[in-house]
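This chain uses plain numbering: 1 for the first residue, then up along the sequence. The structure presented is a predicted model; accordingly, all values stated were derived computationally and were not measured.
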Amino acid sequence: MVAQEVRDGFTALYGAGPDGVWAAPGRVNLIGEHTDYNDGFVMPFALPHVTVAALARRTDGVLRLHSADVPGGPVELRVDGLAPGSDKAWTAYPAGVVWALREAGHAVTGADVHLSSTVPSGAGLSSSAALEVVIASALNDLFSLGLKGRQLARLCQRAENVYVGAPTGIMDQTASACCEAGHALFLDTRDLSQRQIPFDLAAEGLRLLVVDTRVKHAHSDGEYGKRRAGCEKGAALLGVDALRDVPYAGLDSALARLGDEEEIRRLVRHVVTENERVERVVSLLESGSPRAIGPVLTEGHVSLRDDFRISCPELDLAVDTANASGALGARMTGGGFGGSAIVLTEHPTAPTITKALENAFTSAGFTSPRIFEAVPSAGAGRLS
C-alpha cells in the first residue's frame with residue numbers, strides 16, 4: 001500500500017512513472033551502544049517502519065529530491081556541484097549518498113526521487129540511515145553498480161560522516177541494509193563480519209516494546225562528538241588502536257592506568273563492559289534463553305546513564321517504570337540525549353506496562369510517549 005502511494009506520488013509530481021520503488025527500514029539496537037565507532041560489537045535488528053522511495057534514472061546530471069513528509073516542492077541539485085557541508089536540510093542525506101557514490105568512482109548521473117517514511121524522526125531509530133540506505137539501494141540497482149549490502153552501508157556512513165557532518169559509526173547503515181526478518185544482527189564493526197541470530201520473540205511468548213519519549217536528539221550535536229573524541233583519547237592513552245582492544249578481564253588494570261582522567265575512565269568502562277554485554281546476549285539467545293537477556297539490557301542502561309552520561313529524565317523514567325511494572329529488562333537505545341527506550345516483557349504483561357508508562361509520563365508532566373511493538377524485520381530491498 002505504501003509502495004503504491006509513493007509510486008503514485010512520484011507520477012503526480014514528475015509527470016511520469018518511476019523506474020522502481022525501494023524500501024529501507026529503521027532499526028532498534030538490542031544491545032551494544034556507542035561501541036560501533038570503537039571497533040566493537042553491536043546487535044541491532046530492523047523495524048517494520050521503513051523509508052520508501054520511488055526513483056527514475058536521469059543522465060543529465062540533475063538530482064531532484066522530494067519528500068511527502070516535508071512541505072514544499074522538489075529540490076533540484078547538480079550532481080557535479082555536490083560538496084560536503086553545503087546543505088543543512090534533510091536533502092543532505094540523499095545528496096550525500098550520491099556524492100559518496102560518485103567520489104568512490106561510480107557514474108551516477110542523476111535521478112528524480114520521491115519518498116515517504118514511517119520511521120519516527122529523532123527517536124533513536126535511525127531514520128537518517130533508512131533514508132541513506134534506500135537511496136543507495138535504488139541507485140545501486142538503477143545504475144547496475146553491483147555493490148553488496150555492507151559496501152552500501154560503508155558508503156552511506158561516509159555520506160553521513162563527511163557530507164552531513166555527523167560522526168556516526170557503521171551500525172545503523174549496516175542494520176538497514178543487511179538485517180533479516182526474525183533475526184538480530186551480531187555485527188563486528190571492525191571487520192564487518194556478521195551473524196544472524198534467531199530472535200523470534202513471539203514464539204517464546206515475549207514482546208519487545210519501543211517507548212519513543214518524543215525527546216528529539218541529533219547526532220550532529222556536540223555532545224555525541226565529545227563522547228567519540230573521549231573514546232579516541234582513551235584508546236590513545238592506553239596504547240591501543242581502539243577501545244575494542246581493551247579486554248574485559250583487563251579492565252581494572254586499564255582504568256588504573258588512566259589515573260585521574262575520570263571522564264575518560266567512565267567512557268572506557270562503558271565501552272569495554274558493553275562489548276561484553278553484547279557477547280553475553282548472543283550466548284543467551286543462541287542457548288535458547290531469551291528471558292535471561294532482560295537484566296543485561298538493564299545493566300546496559302545503567303552504564304549509559306552513569307558512565308557515558310547520555311540518558312535524560314524521560315528515558316530514565318521509562319526504564320524505571322517498566323522494570324517496576326514487571327518488565328524483564330529495559331534500556332535506552334540509540335545515540336542518547338533523548339529518543340527511545342526498549343522494554344522486554346512477557347506477552348501478557350505488555351498492556352500493564354504500557355498503561356504504567358503512559359501514567360508515569362503524565363504524572364511527571366512529560367509529553368505522552370509513543371509506544372509500539374518492535375518486530376524484527378527485513379533489511380533494504382526493491383518493492384517493485
Side-chain angles (χ1 to χ4, degrees), residues 26-33 43-45 47-49 119-120 122-125 182 184 199-217 270 273-274 277-278 280-281 284-285 288-377:
R27 66 95 185 98
V28 161
N29 191 24
L30 182 63
I31 193 73
E33 219 65 77
M43 200 174 181
F45 64 88
L47 288 167
H49 303 72
V119 184
L125 304 175
F199 194 50
D200 187 353
L201 294 175
E204 299 288 341
L206 299 173
R207 294 179 71 184
L208 191 79
L209 304 178
V210 174
V211 184
D212 177 6
T213 65
R214 301 184 188 268
V215 178
K216 298 296 183 182
H217 76 145
H270 166 72
T273 58
E274 187 79 346
R277 281 187 284 271
V278 176
R280 240 192 303 163
V281 167
L284 288 168
L285 291 178
S289 305
R291 286 168 175 77
I293 74 171
V296 188
L297 302 183
T298 303
E299 284 179 33
H301 183 78
V302 172
S303 182
L304 290 163
R305 181 192 69 200
D306 296 347
D307 278 341
F308 230 67
R309 299 190 177 185
I310 57 170
S311 190
C312 66
E314 290 86 350
L315 287 168
D316 293 340
L317 179 63
V319 170
D320 293 344
T321 300
N323 283 332
S325 303
L328 297 170
R331 74 172 189 92
M332 59 155 285
T333 187
F337 311 107
S340 299
I342 56 174
V343 178
L344 181 67
T345 175
E346 301 283 356
H347 190 280
T349 313
T352 301
I353 292 173
T354 298
K355 186 64 176 177
L357 288 165
E358 292 169 345
N359 291 340
F361 271 63
T362 298
S363 297
F366 296 151
T367 300
S368 181
R370 178 173 181 248
I371 304 172
F372 59 91
E373 185 175 3
V375 180
S377 301

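L47 has its side chain out of reach of S377: every pair of non-hydrogen atoms, C-beta onward, lies at least 4.5 Å apart. Inter-residue side-chain proximity for F361 and T367 is flagged as unmet; no heavy-atom pair is nearer than 4.5 Å. Counting only heavy atoms from C-beta outward, the side chains of S325 and I353 approach each other to under 4.5 Å. Contact of the L206 side chain with the E346 side chain is registered, since non-hydrogen atoms from C-beta on lie closer than 4.5 Å. No side-chain heavy atom of R214 sits less than 4.5 Å from a side-chain heavy atom of E314. Looking only at side-chain heavy atoms (C-beta outward), F199 and L285 come within less than 4.5 Å of each other.
Pairing each heavy atom of A330 with each of V319, the nearest pair is O-CG1, 3.7 Å. Annotation for T349 and G326: closest pair CG2-O, 4.1 Å, computed over non-hydrogen atoms. Nearest heavy atoms, T298 versus G329: OG1-CA, 3.4 Å. Scanning both residues, L357 and A318, for their nearest heavy atoms gives CD2-O, 3.4 Å. Closest approach of G339 to L315, counting heavy atoms only: O-CD2, 4.0 Å. Of all heavy-atom pairs spanning I31 and V296, the tightest one is CD1-O, 4.1 Å.
To the nearest 0.5 Å, atoms SG (C312) and CE (M332) are separated by 8.0 Å. R305 contributes atom CZ, which lies 12.5 Å from atom CD1 of I310 (distance to the nearest 0.5 angstrom). Expressed to the nearest 0.5 Å, how far OG of S340 lies from CG of D212 amounts to 4.0 Å. The structure places CD of E358 at 6.5 Å from OG1 of T354, a figure rounded to the nearest 0.5 Å. Atom CG in L208 sits 5.0 Å away from atom CZ in F45 (nearest 0.5 Å). Atom CG of L344 is separated from atom CG of L30 by 8.0 Å, given to the nearest 0.5 angstrom.
E33 contributes a side-chain N or O that, together with a main-chain N or O of G334, makes up a donor-acceptor pair within less than 3.5 Å. Looking at R331, its side chain never comes within 3.5 Å of a backbone N or O of S303 through a donor-acceptor pair. Under a 3.5 Å cut-off, the side chain of T273 and the backbone N or O of H270 do form a donor-acceptor pair.
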### Message
As a quick check of understanding, evaluate side-chain contact (heavy atoms from CB on, under 4.5 Å) for H49 and F372, giving each step before the final call.
### Response
CA-CA 11 Å; H49 303 72; F372 59 91; 3.3 Å; yes
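Between the side chains of H301 and D316, at least one donor N or O lies within less than 3.5 Å of an accepting N or O.
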